[in-house]
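Just so you know, residue 1 is the first one in the sequence shown, and it goes up from there. First listed ligand is number 1; within each ligand, the first listed atom is number 1.
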Amino acid sequence: MDEFSFIKSIQQGSYRQPSVIHGIGDDAAVFRLHNQDVVTAKDMVVENVHFARNTMEPYHIGYKALAANLSDIAAMGAKPAYYLVAISIPNNWSMEEIKMIYIGMNDLAQQYHVDLIGGDTVSGTELVISITVIGFVGKDKVRLRSHAKEDDIVFVTETLGDSQAGFYILNHSGKYIEEDYFIRRHQLPSPRVEFSLALHPIVRLCLNDISDGIGSEANEIAEASQVSILIEEERLPVHHNLKQFEDSLQYKWKLFGGEDYELIGTVSKKDWDQVQAIAEQLHIRVTKIGLVTSKSATAEVYLKSKNGRIERLDKKGYNHLSR
Ligand SMILES: Nc1ncnc2c1ncn2[C@@H]1O[C@H](COP(=O)(O)OP(=O)(O)O)[C@@H](O)[C@H]1O
Ligand SMILES: Cc1ncc(C[n+]2csc(CCOP(=O)(O)OP(=O)(O)O)c2C)c(N)n1
Ligand SMILES: [Mg+2]
Ligand SMILES: [Mg+2]
Ligand SMILES: [Mg+2]
C-alpha cells in the first residue's frame with residue numbers, strides 16, 4: 001500500500017459537520033464560517049526522512065517546515081494567518097538547537113504576518129515537527145485540484161528541480177556552479193503566497209503545490225478534475241545552471257524531484273495573459289508547460305519528450321510508504 005491508497009483507505013465516506021466544504025483530498029481542508037472560507041493544512045517533517053543534521057542547520061529545518069505548510073495554503077489561494085507546532089525532541093538535540101528551529105520558523109512567519117498560536121511538546125527518539133496552518137479565503141474562492149477544464153493552459157512558477165540539485169550538492173562534495181543558489185533553494189524554499197493571492201481576480205483556477213515532483217502533482221490534478229494533461233518536456237523551466245549535472249539527474253529532478261514548493265496550475269486560455277501580467281508585476285517567472293487535452297475518466301498525464309515521443313507520465317515522485 002502506498003501513501004495515496006493509505007489516505008483513501010482512512011477517509012470518511014461523508015462528513016458529519018455541514019460546515020465542511022472540502023475534507024481530505026486537496027492541499028488543505030476547507031470549512032465555512034459565515035461568509036468566509038477557512039483553510040487548514042498539516043505537514044510534518046521527520047529527521048532522516050525530510051532532513052538530515054549534516055545538510056540542514058536547525059534554522060533551515062524550522063524555516064522549511066513552515067514553508068512547506070504555507071505552500072499548501074498558497075496552493076489553495078488562501079491567506080495564511082496562524083500556525084500550531086507539535087514537536088518531539090530527542091535528548092541528543094540541545095535546547096539552543098531547538099530554539100534555532102523556532103527562530104527559523106518565526107523569520108518566515110514574520111514575512112507572511114502569521115502567528116504561532118499553539119502546539120505540543122514531547123520528548124521522543126527522533127526530531128519530528130508537525131505543523132498545522134490556518135488561513136482565510138473568500139467564500140468559494142479556493143483553488144482546487146478539481147478545477148482544471150479541457151483546453152486549459154498548464155503552467156508552473158519559477159524553475160523545477162533546484163531543490164534536489166541543492167540536496168545533491170550538499171551530499172556530494174565537489175565544485176559546482178552557483179552552488180549557493182541551489183543549496184538555498186533546498187534549505188530555504190519560498191512558498192508562493194503573494195503570487196497565489198495576487199491571482200484573485202481570476203475566476204477559475206486550479207492550483208497544486210510541488211512537494212513531491214510534477215509527475216505526482218500533475219497526476220493529482222488529472223485525477224481530481226477527471227481530465228488528461230499533456231506536458232511538453234521542452235517547455236519545463238529549469239535553472240540555466242542545472243545543465244552542469246548529468247542528463248539523467250536533470251530529468252529525474254525536474255519531473256520527480258520535489259521539495260521545490262513552486263505551484264503547478266491550470267487556467268483557461270482567455271485568462272493566461274492576465275496570469276502572466278500578474279507574475280511579471282511580482283517578478284515571478286511563470287511558464288506554460290502544456291495543456292489540458294480532454295475530459296477523461298481515466299485521468300492520464302502524458303509527457304512529450306524532447307525527441308517528440310509521447311508517453312505516460314506516471315504518478316511517481318516522492319511517495320511515503322511506497323513499499
Ligand atoms: N494520515 C492522514 N490522516 C488524514 N488525512 C490525511 C493523512 N495524510 C494525509 N491526509 C490528507 O490527504 C490529502 C493529501 O495529503 P498530502 O499528499 O500530504 O498533501 P500535500 O502533498 O498537498 O501536502 C490532504 O487532504 C491531507 O490532509
Ligand atoms: C534526508 C533527506 N532525505 C530525503 C529527502 C527528500 N525528500 C524528503 S520528503 C520529500 C517530499 C516532500 O515531503 P512530503 O512529506 O511528501 O510532503 P507533502 O507532499 O505532504 O507536502 C522529499 C523529496 C530530504 N529532503 N532529506
Ligand atoms: Mg500540497
Ligand atoms: Mg502533506
Ligand atoms: Mg504539503
Per-atom contacts, ligand 2 versus Gln164 - under 4.0 Å to a heavy atom: 23 (C)
Under 4.0 Å from a heavy atom of His186: which atoms of ligand 2 are those, numbered in the order shown and with their elements? 25 (N)
Which one holds for [X] and ligand 1: side chain close, backbone close, both close, or neither close, with close meaning a heavy atom under 4.0 Å?
X	result
Asp72	side chain
Arg145	side chain
Ile7	side chain
Asp26	backbone

Heavy atoms only: which of Gly317, Ala75, Gly25 is nearest to atom 13 (C) of ligand 1? Gly25
Among Ser163, Gly258, Ala68, Ser211, the residue with a heavy atom nearest to atom 11 (C) of ligand 2 is Ser211
With a 4.0 Å cut-off on heavy atoms, is Gly257 in contact with ligand 2? yes
Would you say atom 26 (C) of ligand 1 makes contact with the protein, given that contact here means a non-hydrogen protein atom less than 4.0 Å away? no
Would you confirm whether any non-hydrogen atom of the protein falls under 4.0 Å from atom 8 (N) of ligand 1? yes
Would you say [X] and ligand 2 have an N/O pair spaced under 3.5 Å apart?
X	result
Asn48	no
Val49	yes
Tyr261	no
Tyr318	no

Counting backbone and side-chain atoms alike, does Asp43 have an N/O/S atom under 2.8 Å from the Mg ion (ligand 4)? yes
Look at atom 3 (N) of ligand 1 and say which protein heavy atom is nearest, naming residue and atom and giving the distance to 0.1 Å. Ile10 CD1, 3.4 Å
Sub-4.0 Å heavy-atom contact, Met44 with ligand 1: no
The atoms of ligand 1 lying under 4.0 Å from a heavy atom of Asp43, numbered in the order shown, are 23 (O)
Between His60 and Phe51, is the gap from one ring center to the other below 6.0 Å? no
